[in-house]
2 protein chains.
Amino acid sequence: MTSARNPVPDPSAIGFAAHDHADCVETAIAAAEARCAAEKLRLTPVRRRALEILLQEHRAMGAYAVLEKLNESGFGSQPPVAYRALDFLVAHGFAHKVERLNAFVACTRPGESHAPAFMICRICAAVAEAGATVAPDALGEAAEASGFTIERTVVEAEGICPACSEKADA
Amino acid sequence: MTSARNPVPDPSAIGFAAHDHADCVETAIAAAEARCAAEKLRLTPVRRRALEILLQEHRAMGAYAVLEKLNESGFGSQPPVAYRALDFLVAHGFAHKVERLNAFVACTRPGESHAPAFMICRICAAVAEAGATVAPDALGEAAEASGFTIERTVVEAEGICPACSEKADA
DNA sequence: CGGATAGATGATATAAGGTAACATGACAAG
DNA sequence: CTTGTCATGTTACCTTATATCATCTATCCG
Ligand SMILES: [Zn+2]
Ligand SMILES: [Zn+2]
Ligand SMILES: [Zn+2]
Ligand SMILES: [Zn+2]
């Protein structure tokens, strides 16, 4: 992946604002463990580590970037290792796939059932998950009118994040 | 194909309904030619053929599938041939990229400037472009609040199309 | 306990999607 | 006719994703 395609965003800028990162990782992992226990999901070592990686990096990561980190932690080095762990996380809402980037990001609202919406900076590739569920009503209506049953909706806005916006001004 | 109309989308424009396909291809090509002439865009043979291919197939096609067809028509056989033609079509609104499928589809509302929204059947991969522009208001508000400038929004709903829905019932 | 079953992991191989870079060709402006 | 611009073609390569088979590990049940 070239830097032009996948520039590395400022890790401290999630949701485009600073935050207590160590705390945010711990909290999310704990929440995931609790939910897996409650719902009899198996948060196995690879899966747990994959979630940790996404949380620690706090940005959208390609499956192969996650794979590399997993491998450094002693897990397999082949693509399916990463894809399977990521599939699990996505399937159960611990992470999301950002279709626009073919990348994955830890959910910032775990526990709340939601259709995620993202804001993606086209300069620095920072990704922020919108706070509220953002379901376009008009689409639901169009779907109903045509007999289409919506199961999942991808909403991804591309543009310029506050940080890059400021840099451009300077 | 269609022009401004009432809020209820025409089912035939939705894509999950029958329509006069030969006519739909011709009309769209003619419209594209007209617009390119008017805006001094160069609808070259490859680009024109690529648009024809997307229109004829009337479904989301991968770049390599388009490439194969282009090659059968006497154009180059290397990926950039297809990607460049598709980039042109997408850049000027004659086609859209469906991020969820890594595929391309001819626009069903050419001429109308719009942020496209798609409904994608997870069974048969049929893709319909929603009639109306579907801009999630809540996302715009979230963006404004955080200082993010939206330039483009991807909206893609995944689910079951009417045809597959009926088959499932049977 | 011992075997059956289901789910998870590992490794191999390959498919599918996408770009960078450079050479050639068409064409219009000067 | 030269120069600049844009389009096309090709080589080479990179990134993303899945199919498949083998192995392992928990869990359930008799
Ligand atoms: Zn989320
Ligand atoms: Zn940015
Ligand atoms: Zn369109
Ligand atoms: Zn279908």
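Lettering follows sequence order; numbering is per chain, from 1.
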Starting at atom [atom1] of [X], determine the distance to atom [atom2] of [N], rounded to an integer number of angstrom.
X: Arg42(A); N: dT27(D); atom1: CZ; atom2: P; result: 7 Å
X: Leu101(B); N: dA15(C); atom1: CG; atom2: C1'; result: 17 Å
X: Leu67(B); N: dG9(D); atom1: CG; atom2: P; result: 11 Å
X: Leu43(B); N: dC6(D); atom1: CG; atom2: C1'; result: 15 Å
X: Phe104(B); N: dG18(C); atom1: CZ; atom2: C1'; result: 9 Å
X: Leu41(A); N: dA26(D); atom1: CG; atom2: P; result: 17 Å
X: Asp87(B); N: dG17(C); atom1: CG; atom2: C1'; result: 13 Å
X: Gln78(A); N: dA19(D); atom1: CD; atom2: P; result: 17 Å

Polar side-chain contact Tyr83(A)-dA19(D) base: donor and acceptor under 3.5 Å: no
If you go through the side-chain atoms of Arg84(A), does one of them form a donor-acceptor pair with the base of dG7(C) closer than 3.5 Å?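 Per atom types, no contact qualifies.
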Give a yes/no verdict on base stacking between dT16(D) and Tyr64(A): centres under 5.5 Å, planes within less than 30° of parallel.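 Ring-base stacking flag set for Tyr64(A) and dT16(D).
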Both Thr44(B) and Asn102(B) contact DNA chain D. Taking the nearest nucleotide for each, which residue is further toward the 5' end?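 The 5'-side residue here is Thr44(B).
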5'-most contact on DNA chain D: Pro79(B) or Gly74(B), nearest heavy atom basis?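 Of the two residues, Gly74(B) wins.
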Let's see if you can work this out: which of dA19(D), dT11(D), dG9(D) has an atom nearest to the side-chain heavy atoms of Pro80(A)?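 Nearest listed nucleotide: dA19(D).
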Can a side-chain donor-acceptor contact be found between Glu129(A) and His114(A) if the only test is distance below 3.5 angstrom? yes
Using heavy atoms to find the nearest nucleotide of DNA chain C for Glu99(B) and Arg47(A) separately, return the residue whose nucleotide is more 5′. Arg47(A)
Would the distance check show the side chain of Arg59(A) and the main-chain N or O of Val105(A) forming a donor-acceptor pair, the cut-off being under 3.5 Å?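 Judged by distance alone, no pair lies under 3.5 Å.
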Does any N or O in the side chain of His21(B) come within less than 3.5 Å of the main-chain N or O of Gln56(B), such that one atom is a donor and the other an acceptor? yes
Does a side-chain N or O from Lys97(A) land closer than 4.0 Å to OP1 or OP2 of dA17(D), or not?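 Checking dA17(D) against Lys97(A), a side-chain N or O does come within under 4.0 Å of OP1 or OP2.
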Using a strict threshold of under 4.0 Å (side-chain N to carboxylate O), is an ion pair present between Glu99(B) and Arg100(A)? yes
Could you tell me whether Lys69(B) and Glu57(B) make a salt bridge, using a distance below 4.0 angstrom between a side-chain N and a carboxylate O? yes
If you link ILVMFWY side chains whenever their heavy atoms are less than 4.5 Å apart, which other residues fall into the same cluster as Ile123(B)? By chain and number, please.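 Reading the cluster by chain and number, Ile123(B) sits alongside Ile160(B).
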At 4.0 Å (heavy atoms only), tell me whether Lys40(A) reaches a base, stays on the sugar-phosphate, or touches nothing.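 Lys40(A): no heavy atom of the nucleic acid under 4.0 Å.
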Spacing of Glu26(A) atom CD and Leu55(A) atom CG [to the nearest 0.5 Å]: 11.0 Å
To 10°, what angle do the rotation axes through the five end pairs on each side of the helix from dC1(C)-dG30(D) to dG30(C)-dC1(D) form?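 Computed angle between terminal axes is 20°.
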